[in-house]
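Everything on this sheet refers to the single structure shown next.
Whatever order the structure lists ligands and atoms in, that order sets their numbers, starting from 1. Atoms considered below: every heavy atom in the structure, side chains included; atoms not considered: hydrogens, waters and symmetry mates.
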Amino acid sequence: MVDLKSQYQNIKSEVDSAIANVIDNTAFINGPDVKSFQKNLEEYLSVKNVIPCGNGTDALQIAMMGLGLKPGDEVITANFTFVATVEVIALLGLTPVLVDVYPDTFTIDIDAIEKAITPKTKAIVPVHLFGQAADMEGIMQLADKYNLYVIEDTAQALGADYTFSDGRKEKVGTIGHVGTTSFFPSKNLGCYGDGGAIFTNGEDLSKKLRSIVNHGMKVRYYHDNVGVNSRLDTIQAAILDVKLKHLDTYNTNRRKAADFYDHAFSTCKHLQTPKRFENSNHIFHQYTLVLKDVDRTAFQNHLNEKGVSSAVYYPVPLHLQEAYKDSRYQKGDFPITEELCKSVMSLPIHTEMTEEDLKYITDSVLEFFK
Ligand SMILES: Cc1ncc(COP(=O)(O)O)c(C=O)c1O
């Protein structure tokens with residue numbers, strides 16, 4: 001689904017020297033590259049504080065800990081997402097409240113959020129799924145109205161912009177009270193292992209988050225908060241600092257590949273191409289089709305035989321997952337998510353795709369419908 005090898009080959013000398021430099025200095029934990037990457041990412045995102053951490057799942061957990069959410073508090077999030085979003089809510093003893101998504105953009109449904117709000121609701125976690133923003137203006141209005149925190153899960157959309165109705169543009173992840181991201185290798189900004197970060201413009205909150213990632217310490221061996229051990233390795237930070245300079249080009253390349261797919265599939269009645277929400281510039285972490293009257297398994301087998309990868313993100317809604325079954329929810333409660341889980345399929349999309357690759361993939365896809 002991604003070609004990390006070609007991407008590495010194109011920046012090999014920069015990456016290799018950044019890694020060698022860390023090994024030379026032996027500052028493996030909280031070395032100078034972590035600070036440098038933090039500063040550069042703050043500048044890139046125009047956000048006051050970036051708190052690097054171990055991965056995107058920890059980032060979500062730490063954000064919720066930093067906001068002081070307590071067992072029993074309800075947290076609303078989208079049912080159609082990667083499990084990490086709900087996993088941390090459950091791990092902290094909070095109550096996940098799932099809501100449906102829009103069938104065309106796959107992001108959280110604003111009316112469904114409002115219907116799910118109760119006196120116990122403390123936070124909303126919109127997920128900027130597959131590379132485009134949820135409707136942040138609507139979400140922030142709801143948050144203001146009901147006095148809720150907003151934690152943006154930006155694991156799949158780092159670098160995407162959100163445009164407000166007054167024309168103001170902001171990077172996703174910096175609009176809510178806290179934003180989180182993942183630097184998992186296949187993400188739009190990926191490192192060579194695990195990595196993540198938290199963003200906030202709040203000064204007191206940033207101090208608390210920075211202490212939580214490091215055992216709740218501000219001063220060594222003095223623990224003000226219950227914390228975790230979730231630091232971004234210096235080697236990963238050094239790699240990310242190199243790759244951050246290329247992020248906008250990477251996102252442009254992904255968008256170009258998506259344009260090619262959109263054009264090739266525009267007249268195929270079996271393929272619904274991903275809708276681009278006008279307030280977000282989609283950066284295509286995934287290129288996800290909705291299949292219409294198609295046997296998905298047979299289609300995937302056909303692509304497999306042609307040597308074309310495909311994947312289903314995500315095959316099972318969270319409320320039907322064994323670990324998250326809950327008497328509050330039954331099959332049929334989330335019709336859009338349930339239908340999407342049956343009908344979505346993603347095609348390869350990455351930063352180094354050539355026109356030849358795209359032509360081969362689109363020809364192979366369309367051949368199935370001949
Ligand atoms: C939407 C979403 N949230 C959270 C995560 C968790 O990130 P990580 O794998 O770095 O823990 C991911 C990673 O795939 C994700 O896609």
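- Ligand 1 lies within reach of Lys187, whose nearest heavy atom is under 4.0 Å from it.
- Ranking the protein heavy atoms by distance from atom 16 (O) of ligand 1 puts Gln156 NE2, 2.8 Å first.
- Scanning the protein heavy atoms around atom 3 (N) of ligand 1, the nearest turns out to be Asp153 OD2, 2.7 Å.
- Residues that satisfy the side chain to side chain donor-acceptor pair (under 3.5 Å) test with Arg296, not counting sequence neighbours, are absent from this structure.
- Residue Thr81 places no N or O, backbone or side chain, under 3.5 Å from any N or O of ligand 1.
- No more than 12 heavy atoms of other residues, nucleotides or ligands sit less than 6.0 Å from atom CG of Asp204.
- Near Asn55, the atoms of ligand 1 lying under 4.0 angstrom from a non-hydrogen atom of the residue are 10 (O), 11 (O).
- Distance from atom 12 (C) of ligand 1 to its nearest protein heavy atom, with residue and atom name: Phe82 CD2, 3.5 Å.
- The two residues Leu303 and Ser310 make their nearest non-hydrogen contact at CD1-CB, 4.0 Å.
- Here Thr57 has heavy atoms under 4.0 Å from ligand 1 in both its backbone and its side chain.
- Side-chain contact, Gln7 with His246: no donor N or O sits under 3.5 Å from an acceptor N or O.
- For the pair Asp194 and ligand 1, no heavy-atom separation below 4.0 Å is found.
- Residue contacts with ligand 1 for Val127 involve side-chain atoms from C-beta outward but no N, CA, C or O (heavy atoms, distance under 4.0 Å).
- For the side chain to side chain donor-acceptor pair (under 3.5 Å) criterion with Asn251, the lone passing option out of Asn188, Asn281, Thr351 is Asn188.
- Listed by number with element, the atoms of ligand 1 under 4.0 angstrom from any heavy atom of Gly56 are 6 (C), 7 (O), 8 (P), 10 (O), 11 (O).
- Phe369 and Phe265 have their aromatic ring centers separated by at least 6.0 angstrom.
- The option from Ala197, Ala84, Ser182 that lies nearest to atom 9 (O) of ligand 1, judged by heavy atoms, is Ser182.
- Close approach to Ala155 involves these atoms of ligand 1, each under 4.0 Å from a residue heavy atom: 2 (C), 3 (N), 4 (C), 5 (C), 12 (C), 15 (C).
- Stacking of Lys171 on the aromatic ring of Tyr162 is not recorded, the 6.0 Å distance cut-off and the 45° axial limit not both being met.
- Every residue was checked against the side chain to side chain donor-acceptor pair (under 3.5 Å) condition with Tyr192, not counting sequence neighbours, and none meets it.
- Geometrically, ligand 1 and Phe183 share no nitrogen or oxygen pair separated by less than 3.5 Å.
- Taking 4.5 Å as the limit, every side-chain heavy atom of Thr105 sits out of range of all side-chain heavy atoms of Arg276.
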